[in-house]
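When a ligand or atom number is given, it counts from 1 through the structure's own listing order. The structure displayed is predicted, hence computed values, not measured ones.
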Amino acid sequence: MTATFDLIVIGGGSGGVAAARRAASYGAKVVLIEKDRLGGTCVIRGCIPKKLMMYASRLGAELRQAEPYGWQIPEAHFEMASWQEAKSREIDRLEAIYARLLAQSGVQVVVGQAAIESANRVRVNGKLLQAQRILIATGGSPVVDALPGVEGVATSTDILNLRSVPKRLGILGAGYIALEFASILAGLGSQVSLYYRGDLPLRGFDASVRERMAASLQAQGILLHPGSHMERVEATAQGARLHVSGQVHDFDFVLNALGRRPNTTGLGLDQLGLVLSDDGAIPVDDWSETRVKGVFAIGDVTNRKNLTPVAIAEGRAFAENNFNGQQLRVDHASVATATFTNPPLASVGLAEHEALAQGKLRIYEAEFKPMKSAFTGSDAKAFMKMIVHDSSDRVLGIHMLGDDSPEIIQSLAVAYGMGAKKSDFDRTVAVHPTVAEEFMLMREPTRVVMP
Ligand code: NDP
């Protein structure tokens, strides 16, 4: 017999779970199919364990800063195996919370590989399920064919499962994942070499922060190799060997951070006649509906803005629109983002090169040694930048490289989304002494630029 539902969700990551629970809250009969662990990339092998590793790395840096503040601390030692066990317990705990929340919401969970058979039928574990709507939320996974041999080296999933800190770590790429692990592992004691084809890391980000990010990585002892021509990688008894720009380098561990690709294999999309876009993503409209009526897709599988909160927002909007009569669209342009390096970088809005298309700009910048680190004699600086449209006074972009920047930019994203003007920042009285207050105290532009 075919089980019938209002909604079949394929994928139990942050987006799929959010959509399933929201739909169920409006009385929909929902089944969610997941082939691996509930929580998806973010909880199991992404944001959460990565941030726990970042905290471990940061604590080392904090300890090194403690002495000038009067603390006498005997030499500290990091045990990655202990961290690994504690991390695994925490991920198990979070996964159990996901399962509990789904059960409390009345969502039925099926463990298995889903194969779509038609616009309202899905087969899983040999059984046929039927629903008015299907939501694909299968996420993405690392690209493992960017260069010969790279399929045999570690990805972000593997680096999060390390039980010891690699002495010599080679990282391929200079996007979010590459930079975060470069910084985290350097903080834990690895000698990190970063190889990338561009001249600066983080293509697409504002040039001022990219330049300072490169300098900051170097200051952490990371060896930067811009303009690298990566030829191939091979596994060795000690780790991996990288052939790059005509040279050969041996490492204990090589991380493939050459991007991610939407997970669509085995879903049966060809049965539906769904043609993927060139980047392998499922094309959707503003309402996350595919070209097949009743079949929707959200999150990384659509490759719009591959961030957990975006997938959650898309999933909730889908549920509101289909089960609660709303007409919600996700505004991808005002989504803030951060790289959890040390120090972190965070941004909301446009980079300077993007904002220029809108006309004359005023650029406000501040660069200074924050009180906390200046006290210890550190040279580390915070950099803050605000891009303002000259004629309308509208803030078009806010960027920061410095401690707590993700927390600061998260709050500023509200002002940005409301269309804040520079004059709104000027009349906001600062909280003192903070780093964030600098955003309220930027009086004169450092530059005025014309398109
Ligand atoms: P990114 O797209 O950020 O970076 C991929 C890197 O690989 C770039 O440096 C890119 O170079 C390089 N690259 C890709 N293909 C090749 C190739 N054939 N040869 C040489 N270099 C290549 O991907 P990530 O995997 O780091 O992250 C994926 C996504 O996950 C991010 O875009 C982000 O949306 C999300 N994410 C978010 C995080 C956060 O919010 N903190 C953390 C981690 C991931 P080039 O720039 O020159 O193309």
Side-chain angles (χ1 to χ4, degrees), residues 13-15 40-55 139-151 153-160 170-184 194-205 207 209-210 213-214 217 224-233 242-245 254-263 278-281 299-314 332 335-348 351 401 405-407 409-410 413:
S14 308
T41 300
C42 179
V43 175
I44 307 295
R45 62 193 86 87
C47 332
I48 303 296
K50 178 273 309 285
K51 191 136 187 207
L52 293 174
M53 200 190 250
M54 188 214 80
Y55 281 134
S141 44
V143 172
V144 292
D145 57 4
L147 59 135
V150 82
E151 68 283 356
V153 305
T155 64
S156 51
T157 306
D158 306 303
I159 203 166
L160 286 165
I171 298 187
L172 315 180
Y176 282 78
I177 293 178
L179 262 55
E180 290 181 345
F181 285 112
S183 188
I184 290 169
L194 191 71
Y195 297 90
Y196 49 100
R197 60 186 174 186
D199 54 348
L200 285 170
L202 290 178
R203 185 164 59 84
F205 277 76
V209 278
R210 292 176 73 194
M213 173 61 88
L217 294 170
L224 302 187
H225 300 276
S228 286
H229 175 56
M230 288 166 256
E231 292 145 11
R232 66 188 165 93
V233 206
L242 175 65
H243 297 256
V244 54
S245 306
V254 168
L255 172 69
N256 164 21
L258 296 172
R260 294 175 63 84
R261 192 172 282 156
N263 286 334
D278 291 345
D279 55 4
D300 289 11
V301 77
T302 62
N303 200 19
R304 285 174 282 181
K305 197 148 196 167
N306 299 334
L307 300 171
T308 300
V310 173
I312 293 172
E314 289 167 357
H332 292 94
V335 174
T337 184
T339 63
F340 292 96
T341 41
N342 181 20
L345 176 166
S347 290
V348 64
L401 178 68
S405 57
E407 309 289 340
I409 293 289
Q410 173 67 92

Decide ring-ring contact (aromatic ring centres under 6.0 Å, His included) for Phe340 and Tyr55; before the verdict, give the C-alpha distance in whole Å, the side-chain angles of both, and the deciding distance to 0.1 Å.
-> CA-CA 10 Å; Phe340 292 96; Tyr55 281 134; 8.7 Å; no

Partners meeting salt bridge (charged side-chain N to carboxylate O under 4.0 Å, His left out) with Arg304 (sequence neighbours left out) = Glu314

By ring-ring contact (aromatic ring centres under 6.0 Å, His included) - contacts of Tyr196 (at least two apart) = none

Which protein residues have a heavy atom closer than 4.0 Å to any atom of ligand 1, listed by chain and number?
-> Lys50, Ala146, Gly173, Ala174, Gly175, Tyr176, Ile177, Glu180, Arg197, Arg203, Met230, Ala257, Leu258, Gly259, Arg260, Asn306, Leu307, Ala338, Phe340

Which word best sums up how the rings of His225 and Tyr195 line up, parallel for under 30°, tilted for 30 to 60°, or perpendicular for over 60°?
-> parallel

Considering residues at least two apart in sequence or located in another chain, which fulfil the salt bridge (charged side-chain N to carboxylate O under 4.0 Å, His left out) criterion with Asp279?
-> none

Exam field: side chain Asn256 to backbone Val143, donor-acceptor pair closer than 3.5 Å | yes

